[in-house]
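Each residue takes its place number in the sequence, starting with 1.
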Amino acid sequence: MRRARASLRPALAAVLVLLPLRAGAAVYVASQDGGALTRVDVPSEAAPVGAGAAALAAAPDGTLYLTHPDQRAISAVEAGTGRVLRRLPFAGQPFGLAVSEDGRALFVGDWQGGRLVRIDARSGAVEAEIALGPEPAGLVRDRAGRLFVAERGSDSVAVVDGATMTRLARIGVGRAPFALALSPDERRLYVGNVRSNDLTAIDTAALTALATRPAGRSPYGVAVQADLILVTNQESASVSVLDADLALRATIPVGRYPEGIAVSEGRAYVANWFSDDVSVIDLTQMREVARRTVPGGPRAALTLPAEPGGAAR
C-alpha cells in the first residue's frame, strides 16, 4: 500500500496562513509516511499514531479508527487528545474502514485477501466475513446498515448487509473504483473510478448505476457538500466540483497528488500526498484559500460533526 514517491516529491510550496478556528466540526488528516494524525482546522500539533496510517473512520463517541495496511493493524485514537487507545492486529491488509451505528463493530476491507471482515471494536476478534472482488478499497456504511465497498480489481461496487454479512448486490461502474461518498440524504452514492478518469452516480434504492461523467486524471477521493460533489484528481493536482446532475462547476488547483478530502461548513480540506500539506478550499469562492503543512504523506481526511474534545494534541 506504499508507493515510492521520493523522485516525484517537490520542494514544499509556501504555506498560506491558516484560517481562523470555527466552532463545531473538527477536521482530521492522517499521514501515512509521518505516522501522524493532525487536526487541521485549528493550529494543533500532530499526534503520533504509528507508521502507515491509510484510512480513517469515526465512531459515534468520537473515537477515530485508522488502518495500517503494511503493519496489518488498526489503531483506535482519542480524537480530543490524539492518544492511541489500543492497537488491534488484523490477519490481512486492512484498508477501507467503517464503524457500526453503535460503535461496537468495525467493518474492514482486506485489500490483500479480497474480503470484508466485521470485527469487535474493542478486542479485534473476527465476528463474520464475506468474500469480495479483488482489492476492496473505499468503504462506506449507510444509516440502514448497508456497506458499499469499491471492488477496485473487478470494476464494481459490492453492497453488503452489515448485520448478516450477505451480499445484496454488485453494481458495475468505471475502471478501478476507489473512493465512495454518500449524498446527505443517502439516495445517491458517488464513486471515483481511478483508471477511467470519471465519476459514477448510483441510485441506492434501486442499486443501479445512473450515470458516469468525466472527472480529472486519477480521481481518488470523493466528498459531498449539500448539492456539490467534490473529486480529488491525483495526476491533475486538482479538485473537480460537480453539481447534482454531474455537470462540472469548477476545477480547482491544489497540492501535489491530492487524495483524501473532507468537507465542513462551506470548506473542503484536501490531503496532498506528495506535497505534504492540506489545501483549504472555500466552496463559495471555488478556490484554494489556505495551505497547511502536515507530517509526510497525508492521505486520508475526515470530518467529525461535533467536537469530542480539544485539539488533536
Which is it for R213 and T200 under the side-chain contact (heavy atoms from CB on, under 4.5 Å) test, yes or no, and what are the steps along the way? CA-CA 7 Å; R213 296 288 185 269; T200 298; over 6 Å; no

Would [X] and [Y] show up in the same hydrophobic cluster when neighbours are defined by side-chain heavy atoms closer than 4.5 Å?
X    : Y    : result
I202 : Y190 : no
L106 : V126 : yes
L199 : V191 : no
L228 : V263 : yes
V224 : L242 : yes

Examine the side chains of D203 and T208 and answer whether a donor and an acceptor come within less than 3.5 Å of each other. no

Please name the pair of heavy atoms, one in [X] and one in [Y], separated by the smallest distance, quoted to 0.1 Å.
X    : Y    : answer
G297 : W273 : CA-CD1, 3.1 Å
D110 : P136 : O-CG, 3.2 Å
T38  : S44  : CG2-O, 4.4 Å
V194 : P219 : CG2-O, 3.2 Å
E265 : Q225 : N-OE1, 4.1 Å
A51  : Q71  : O-OE1, 2.9 Å

Just by distance, do the side chain of [X] and the backbone of [Y] share a donor-acceptor pair under 3.5 Å?
X    : Y    : value
T204 : R187 : yes
R146 : V159 : no
D142 : A144 : yes
R299 : S31  : no
T166 : D161 : no
T81  : R83  : yes
R167 : A131 : yes
T232 : E259 : yes
R195 : R152 : no
D198 : A215 : no

Pairwise side-chain contact, [X] with [Y], heavy-atom cut-off 4.5 Å (strictly under):
X    : Y    : result
F148 : L207 : yes
R141 : L147 : yes
R217 : Q234 : no
V270 : I252 : no
P258 : Y220 : no
V29  : Y269 : no
F107 : M165 : yes
V222 : I229 : yes

Would R267 and V27 satisfy side-chain contact (heavy atoms from CB on, under 4.5 Å), going step by step from the backbone distance to the final call? CA-CA 10 Å; R267 291 176 182 161; V27 182; over 6 Å; no

Atom pair [atom1]/[atom2] of [X] and [Y] - distance to nearest 0.5 Å:
X    : Y    : atom1 : atom2 : value
H68  : L88  : NE2   : CG    : 9.5 Å
D277 : R256 : CG    : CZ    : 11.0 Å
L66  : Q32  : CG    : CD    : 11.5 Å
S218 : N197 : OG    : CG    : 5.5 Å
D155 : S196 : CG    : OG    : 7.5 Å
L304 : S264 : CG    : OG    : 10.0 Å

For Y65, which of L56, V77, V99 qualifies under side chain to side chain contact (heavy atoms under 4.5 Å, CB included)? V99

Under the side-chain hydrogen bond (donor to acceptor under 3.5 Å, both in side chains) test, which residues partner S279, sequence neighbours left out? N272, E288, R291

[X], [atom1] atom: more than 12 neighbouring heavy atoms under 6.0 Å:
X    : atom1 : answer
R249 : CZ    : no
R104 : CZ    : no
E127 : CD    : yes

Test L116 against L139 for side-chain contact (heavy atoms from CB on, under 4.5 Å), laying out the working first. CA-CA 10 Å; L116 176 67; L139 192 164; 3.4 Å; yes

Residues clustering with L85 (ILVMFWY side chains joined when closer than 4.5 Å, directly or via others): none

Contacts under 3.5 angstrom, residues 170-181 side chains, donor-acceptor by atom type, not counting sequence neighbours:
{"unit_1": "R170", "atom_1": "NE", "unit_2": "E151", "atom_2": "OE1", "d": "2.9"}
{"unit_1": "R170", "atom_1": "NH2", "unit_2": "E151", "atom_2": "OE2", "d": "2.9"}

In sequence, state the C-alpha distance, the side-chain angles, and the governing distance for L64 and V49, and then conclude on side-chain contact (heavy atoms from CB on, under 4.5 Å). CA-CA 11 Å; L64 297 176; V49 293; over 6 Å; no

